[in-house]
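Okay, structure first, notes after.
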Amino acid sequence: MKFSSTAVNLLASASWVLGASLQQVSNFGTNPTSIQMYIYVPDKVATKPPIIVALHPCGGSATEWYSGTKLPSYANSRGFIVIYPQTTHYSNCWDVNNAGSLTHGGAGDAQGIISMVNYTLSKYGGDGTKVYVMGASSGAMMTNVMVGSYPDVFEAGAAYSGTAFACFAGSKGDPTPFGSNQTCAQGLQHTPEQWAQFVYNAYPGYTGRRPRMQVIHGLADTLVRPQCGYEQLKQWSAVLGVSSTKNVTGASVPEGSAYTQMVYGDDGSKLVGYFGQGVGHFAPPNEPVMLRFFGLLS
Ligand SMILES: *[C@@H]1O[C@H](CO)[C@@H](O)[C@H](O)[C@H]1NC(C)=O
Ligand SMILES: *[C@@H]1O[C@H](CO)[C@@H](O)[C@H](O)[C@H]1NC(C)=O
Ligand SMILES: *[C@@H]1O[C@H](CO)[C@@H](O)[C@H](O)[C@H]1NC(C)=O
């Protein structure tokens, strides 16, 4: 009796040790900027698994972002796969000012990321209608880039403290918090129609559905100003054809902060913003709110 319960414990700890972990993948396809691919495939992967691309902030890495959110633990219970792309260029910031990434089928980090999605869809029989992208700071800027350049790939995105699609276009400085050109991050403004035009120009002739967007920003952010969050809402409201219907204070209270929820359209299912009082850079990811928006959690 005693022996068998020890054996069971040993077995349990062995399977914990041998359980799913973050893995690097090489040779995943076209990769013009030589970025790296990491992936988390849970032990119990769903049939036709949804896929989330999780983009690290500036200075980050796949390993750091793997432990930076609770997505792996939700992957364990929900069976989805998480891709962790990694860049080591520009102080580990994404190339959000690169014309290639701002163009459908162009080169740049964006194309390498799409290769990772293609690889994962084919290797694990993923559900091509359930591919999502999220990120914080530079990763949130790149989230906007991905949904703008590849509306045919992503069902929805969540951007924590980022900037609108093409906000950095034309900036010759590095797209980093130390770069010479901070025009975008300090709150560059355009009309909704101008912002939308950048998105249309990225993929001329595209008339299919557009990714839904969740925009989260701290109101005390001085690195990437809160205005950058409002500019994203202007852009996607024009692209998605939804307008502001209500603002709800105290609707969501992650990490003890007071957030105002900005609802677009009937119910915010296409576009919704969350702006946190006293929240700096970057707003901490709220996995349940994000996964419910994606439709991966009820
Ligand atoms: C990804 O797959 C799509 C559909 O098969 C294909 O059109 C596209 O060229 C692929 N992109 C990359 C970067 O591999
Ligand atoms: C700075 O970046 C903005 C886009 O964020 C661009 O419109 C502007 O031309 C750039 N300025 C310089 C001097 O490069
Ligand atoms: C919500 O707040 C924003 C920013 O203050 C404002 O522009 C918008 O009109 C508000 N929406 C509604 C429906 O009151």
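Counting starts at 1 for both ligands and their atoms, in listed order. The first residue of the sequence shown is numbered 1, and numbering continues consecutively from there.
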Of the backbone atoms (N, CA, C, O) and the side-chain heavy atoms from C-beta on, which set of K246 has a member under 4.0 Å from an atom of ligand 3: side chain, backbone, both, or neither? backbone
Residue from T120, N31, I113 passing side-chain contact (heavy atoms from CB on, under 4.5 Å) with M37: T120
Could you tell me whether the side chain of H104 and the main chain of S149 form a donor-acceptor pair under 3.5 Å? yes
Starting from atom 11 (N) of ligand 3, what is the nearest protein heavy atom, named by residue and atom, and what distance separates them? S244 OG, 2.8 Å
For F168, counting its heavy atoms only, list the atoms of ligand 2 lying under 4.0 Å from any of them. 5 (O)
So which heavy atom in the protein is nearest atom 3 (C) of ligand 1, and how far is it from that ligand atom? N118 ND2, 3.6 Å
Need the ligand 3 atom indices (1-based, order shown) with element for anything under 4.0 Å from a heavy-atom of T245. 13 (C)
Would you compute the distance between atom CE of M134 and atom OG1 of T143 and round it to the nearest 0.5 angstrom? 7.0 Å
Check contact between G29 and ligand 1, using heavy atoms of the residue and a distance below 4.0 angstrom. no
Proximal ligand 1 atoms for Q111, defined as those under 4.0 Å from one of its heavy atoms: 13 (C)
Residue C184 vicinity, atoms of ligand 2 by number, heavy atom under 4.0 Å: 5 (O)
Protein contact to atom 12 (C) of ligand 2 [nearest heavy atom, distance to 0.1 Å]: N181 ND2, 3.3 Å
Shortest protein contact, atom 9 (O) of ligand 2 (heavy atom only): G170 O, 4.1 Å
Atoms in ligand 3 with a heavy atom of M262 nearer than 4.0 Å: 2 (O), 3 (C), 4 (C)
Please assess Q86 against T88 for the test side chain to side chain donor-acceptor pair (under 3.5 Å), listing each intermediate value before the final yes or no. CA-CA 7 Å; Q86 172 177 288; T88 51; over 6 Å; no
For atom 10 (C) of ligand 3, what is the closest protein heavy atom, and at what distance to 0.1 Å? N247 ND2, 2.5 Å
Is atom NZ of K270 surrounded by more than 12 heavy atoms (other residues, nucleotides or ligands) closer than 6.0 Å? no
May I ask you to check whether the SG atoms of C93 and C58 are separated by less than 2.5 Å? yes
For atom 7 (O) of ligand 3, is some protein heavy-atom partner under 4.0 Å away? no
I'd like to check atom 14 (O) of ligand 3 in this structure: does the protein have a heavy atom lying under 4.0 Å from it? yes
Do C167 and ligand 2 have an N or O pair less than 3.5 Å apart? yes
Would you find more than 12 non-hydrogen atoms of other residues, nucleotides or ligands less than 6.0 Å from D267 atom CG? yes
Evaluate the pair C228, C184 and indicate whether the two SG atoms are within a distance below 2.5 Å. no
Could you tell me which atoms of ligand 2, counted from 1 in the order shown, lie closer than 4.0 angstrom to a heavy atom of T183? 1 (C)
Under 3.5 Å donor-acceptor, Q186 side chain and T222 backbone: yes
How are the rings of Y40 and Y66 set relative to one another: parallel (under 30°), tilted (30 to 60°) or perpendicular (over 60°)? tilted
